[in-house]
Amino acid sequence: MSPTFTTRPEIRGTFGVVSSTHWLASQVAMSVLERGGNAYDAAAAGGFMLQVVEPHLNGPGGEVPILFWSERDKRMQSLCGQGSAPALATPAYFRAMGLDMVPGIGLLPATVPGAFGAWLTLLRDHGTWELADVLRPAIDYARNGFPLVPRIPQAIFAVQDLFRQEWSSSAAVWMPDGKVPHPDRLFRTPGIAATYTRVLEEASRASDRRARIDAAHDIWYRGFVAQAIDNYYRNTAIRDTTGERNTGLLRLEDLADWRATYETPLTTDIGRYTVAKCGPWSQGTVLLQQLAMARHLGLDSVAPDSTEFVHRVAEAAKLAFADRLAWYGDPNAVDVPVAGLLSDEYARARAALINGQQASKVLNPGHPLGRVPRLPDLEAAVRTLAKADTRFGVGEPTFAQLPPVQEWAAREIFVGDTCHIDVIDRDGNMVAATPSGGWLSSSPAVPELGFSLTTRLQMTWLDDDLPGTLRPGMRPSTTLSPGMALRDGEPYMAFGTPGGDQQDQWTAPFFLRHALHGMNLQEAIDAPSWHVDHFPGSFWPRSTTLNRITVEGRMPAATLDGLRAAGHEVKVGADWSEGRISACTREPEAGGGLQLRAGANPRGMQSYAVGR
């Protein structure tokens with residue numbers, strides 16, 4: 001069925017394609033492909049570049065889940081770069097502080113920073129380049145300067161008082177002359193450049209490529225980087241959302257014992273497609289549940305911008321996110337009923353709950369495998385906010401509504417979070433990765449290193465015996481969610497988006513429009529989108545909103561009227577405000593070789609797709 005809005009073509013290539021949330025990361029990754037690197041080399045180089053040019057969205061102290069297809073092994077795998085909770089982090093510890101939730105900023109919510117280990121593991125086992133060559137662009141831009149997207153100075157402006165009054169190490173990095181940086185001038189982060197340069201210098205003594213990568217990993221998680229983190233988190237008291245100054249819980253032993261791990265992705269089928277996601281320590285299963293329900297919702301027979309399409313997909317999201325709240329967690333620590341959640345019988349039963357006429361106004365987790373769901377204490381957010389210090393930020397600062405910034409206030413400001421990068425090389429290797437964490441305003445920069453650490457522990461609960469309850473050594477159930485798909489059993493698409501709780505909401509209509517309605521990548525990305533709020537937010541203070549749908553203003557008026565008539569609380573956003581998706585595909589050509597395509601999000605004028 002033809003879409004009813006303006007469409008644009010995809011980027012095409014045969015040498016390689018890259019799509020990411022920043023143009024410099026895309027260009028760096030493509031330059032690696034052009035100089036003989038493969039998709040893993042390119043993705044790692046682009047990922048390290050994102051840490052430098054999007055510091056409000058991710059950093060060296062963050063995390064990254066990765067999905068990839070190896071053409072050599074004819075196999076798709078997940079690589080978990082989500083770090084685990086410190087050994088000292090227990091519900092009892094935080095309750096003894098009088099807290100109902102893990103704080104949203106500061107030192108207390110830190111997990112092991114897994115991004116460095118995950119990128120190195122991917123590079124060591126599947127790449128071809130030296131780590132020094134992969135890191136060189138990031139080091140050069142950090143040392144010599146990079147252009148600031150408007151969101152960066154705006155994010156710094158919002159926390160400038162915190163930096164000046166409390167987080168002096170962050171003020172030294174982000175306000176080196178005492179002022180909020182101007183977006184029209186190059187900005188430098190020499191501390192990051194120095195840290196990466198020292199890692200490379202110390203690792204260069206090893207005998208071969210693999211040994212040098214392993215040495216760099218050891219330096220990061222056992223050497224001077226880990227030692228600097230341990231010293232700072234053990235001995236420095238930092239103000240956070242409790243209103244007090246607290247030391248952290250992360251220790252050298254937590255870092256030394258951690259490794260990125262390979263896993264088999266979870267999958268579900270819809271039509272010709274098999275869609276893959278990371279395990280239930282991520283929210284990726286939410287997309288799989290939505291697609292499984294979509295098999296029973298007749299979406300191919302309704303227009304992709306109609307009330308029927310939006311209503312049914314939105315209601316499926318409500319059900320899937322209720323299941324996330326009740327059932328998702330680290331399968332290494334708790335028993336997650338994945339087989340039940342992804343069974344067709346369960347999907348059919350959940351789809352049958354979607355009323356064709358009326359929006360659900362209740363949180364409704366299901367009973368996979370006959371189990372009885374139990375939800376956390378949703379009033380904890382109310383109690384937390386009543387006594388919290390929110391002057392300097394909340395759990396996910398990159399989604400905050402920030403004030404305008406001086407003379408550039410009139411410019412369009414793009415609100416988003418996290419990063420994403422997809423790469424396919426000429427041989428057909430595919431990578432989809434969603435780096436995040438270590439945001440510049442999430443925790444103070446470690447002085448000797450020049451960067452902040454992830455605060456992902458805020459996504460756990462302090463209630464007893466829930467799948468998402470905080471447990472030492474466990475992975476918090478992150479929102480980060482790269483995607484990959486096979487078509488007719490053959491590797492086809494790498495895709496993903498930033499967006500916190502919106503990630504697997506935005507990708508659901510994108511994928512359905514492509515798979516069921518035949519839109520190309522760019523058409524499906526550009527189409528008007530939406531998200532629902534119908535569950536506790538994943539970030540501090542985890543407040544609960546029910547039955548609200550935020551829809552782009554480009555959506556047809558008849559669709560908006562139909563949603564209101566169905567009982568949805570409709571919030572109309574800006575015309576280009578929902579979705580940050582990027583995607584790449586590969587298809588065999590009749591004469592041999594591959595036809596590669598890519599699309600990137602036009603919203604915010606920051607994402608970029610490139611093909612050669």
Side-chain angles (χ1 to χ4, degrees), residues 18-33 37 39-68 79 81-82 113-120 122-123 131 134-143 145-149 151-152 155 187-189 192-193 195-196 398 414 416-423 431-442 450-454 478 480-482 494-500 503 580-584 598 600-601 604-610:
V18 179
S19 184
S20 86
T21 52
H22 197 285
W23 66 89
L24 276 174
S26 294
Q27 295 285 20
V28 164
M30 179 53 69
S31 75
V32 172
L33 296 178
Y40 314 108
D41 303 317
F48 285 123
M49 191 65 186
L50 287 170
Q51 296 173 358
V52 172
V53 298
E54 293 195 307
H56 57 313
L57 308 181
N58 81 139
E63 55 269 316
V64 58
I66 303 170
L67 286 173
F68 66 94
L79 181 57
Q82 173 57 61
F116 190 77
W119 285 125
L120 261 63
L122 185 74
L123 182 67
L131 177 60
V134 166
L135 273 171
R136 183 165 292 118
I139 292 173
D140 288 346
Y141 275 95
R143 178 181 292 128
F146 57 94
L148 293 173
V149 297
R151 182 66 178 179
I152 298 174
F187 190 82
R188 297 168 178 81
T189 48
I192 293 175
T195 296
Y196 276 140
T398 61
F414 173 57
D417 85 319
T418 307
C419 307
H420 186 80
I421 186 168
D422 306 297
V423 183
V431 178
T434 310
S436 189
W439 311 297
L440 65 87
S441 46
S442 62
F451 58 80
S452 306
L453 294 194
T454 174
T478 177
L480 304 176
S481 185
F495 65 97
T497 178
Q503 289 180 39
R580 318 283 185 260
I581 296 165
S582 64
C584 299
N601 170 54
M605 300 301 291
Q606 183 174 317
S607 300
Y608 197 74
V610 59

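All values below were derived from every heavy atom in this structure, side-chain atoms included, with hydrogens, water molecules and symmetry-related copies excluded.
- The CG atom of Leu135 lies 11.5 Å from the CH2 atom of Trp119; values are rounded to the nearest 0.5 Å.
- In this structure, the separation between CZ on Arg136 and CG on Leu131 is 10.5 Å, given to the nearest 0.5 Å.
- Summarising the geometry, atom SG belonging to Cys419 is positioned 7.5 Å from atom NE2 belonging to His56; distances are rounded to the nearest 0.5 Å.
- The two residues Ser442 and Gly438 come nearest to each other via the heavy atoms OG-C, 3.9 Å.
- Side-chain atoms of Thr497 and Asn601, non-hydrogen and from C-beta on, never get closer than 4.5 Å to each other.
- Distance check, rounded to the nearest 0.5 Å: CD1 of Ile421 to OG of Ser26 gives 6.0 Å.
- Between Ser582 and Ser20, the closest side-chain pair of non-hydrogen atoms is not below 4.5 Å.
- In this structure, Pro482 and His420 have side chains that are in contact, with non-hydrogen atoms separated by less than 4.5 Å.
- No more than 12 heavy-atom neighbours from other residues, nucleotides or ligands sit within 6.0 angstrom of OH on Tyr141.
- Across all their heavy atoms, Gly61 and Phe451 have their closest contact at N-CD1, 3.7 Å.
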(message) Quick one, Val64 with Asn58, criterion side chain to side chain contact (heavy atoms under 4.5 Å, CB included). Give me CA distance, side-chain angles, the key distance, then yes/no.
(response) CA-CA 9 Å; Val64 58; Asn58 81 139; over 6 Å; no
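- Side chains of Val53 and Trp23 form no contact here, defined as non-hydrogen atoms less than 4.5 Å apart.
- Taking each heavy atom of Ala193 and Ile139 in turn, the nearest pair found is CB-O, 3.8 Å.
- Remark: Ser441 OG to Ile152 CD1 distance equals 11.0 Å, nearest 0.5 Å.
- Between Phe187 and Phe146, the angle of the ring planes goes over 60°, which puts this pair in the perpendicular group of the 30/60° scheme.
- For the pair His22 and Leu57, the minimum side-chain heavy-atom distance is 4.5 Å or more.
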(request) Please lay out, stage by stage, how Thr418 and Arg580 fare under the test side chain to side chain contact (heavy atoms under 4.5 Å, CB included). (result) CA-CA 10 Å; Thr418 307; Arg580 318 283 185 260; over 6 Å; no
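- Taking Tyr40 as the reference, Phe68, His126 meet the ring-ring contact (aromatic ring centres under 6.0 Å, His included) condition, with sequence neighbours excluded.
- Between Ile192 and Tyr196, the closest side-chain pair of non-hydrogen atoms falls below 4.5 Å.
- Shown here for Leu79 and Ala118, the closest heavy-atom pair between the two residues is CD2-O, 3.4 Å.
- Across all their heavy atoms, Leu24 and Pro147 have their closest contact at CD1-CD, 4.0 Å.
- Expressed to the nearest 0.5 Å, how far CG of Asp140 lies from CE of Met49 amounts to 9.0 Å.
- Counting only heavy atoms from C-beta outward, the side chains of Pro55 and Thr189 never approach each other to under 4.5 Å.
- When all heavy atoms are compared, the tightest approach of Ala598 to Val18 is CB-O, 4.2 Å.
- Judged purely by distance below 3.5 Å, without hydrogens or angles, the side chains of Thr478 and Glu63 never pair a donor atom with an acceptor atom.
- Side-chain contact check for Leu123 versus Asp41: some heavy-atom pair is nearer than 4.5 Å.
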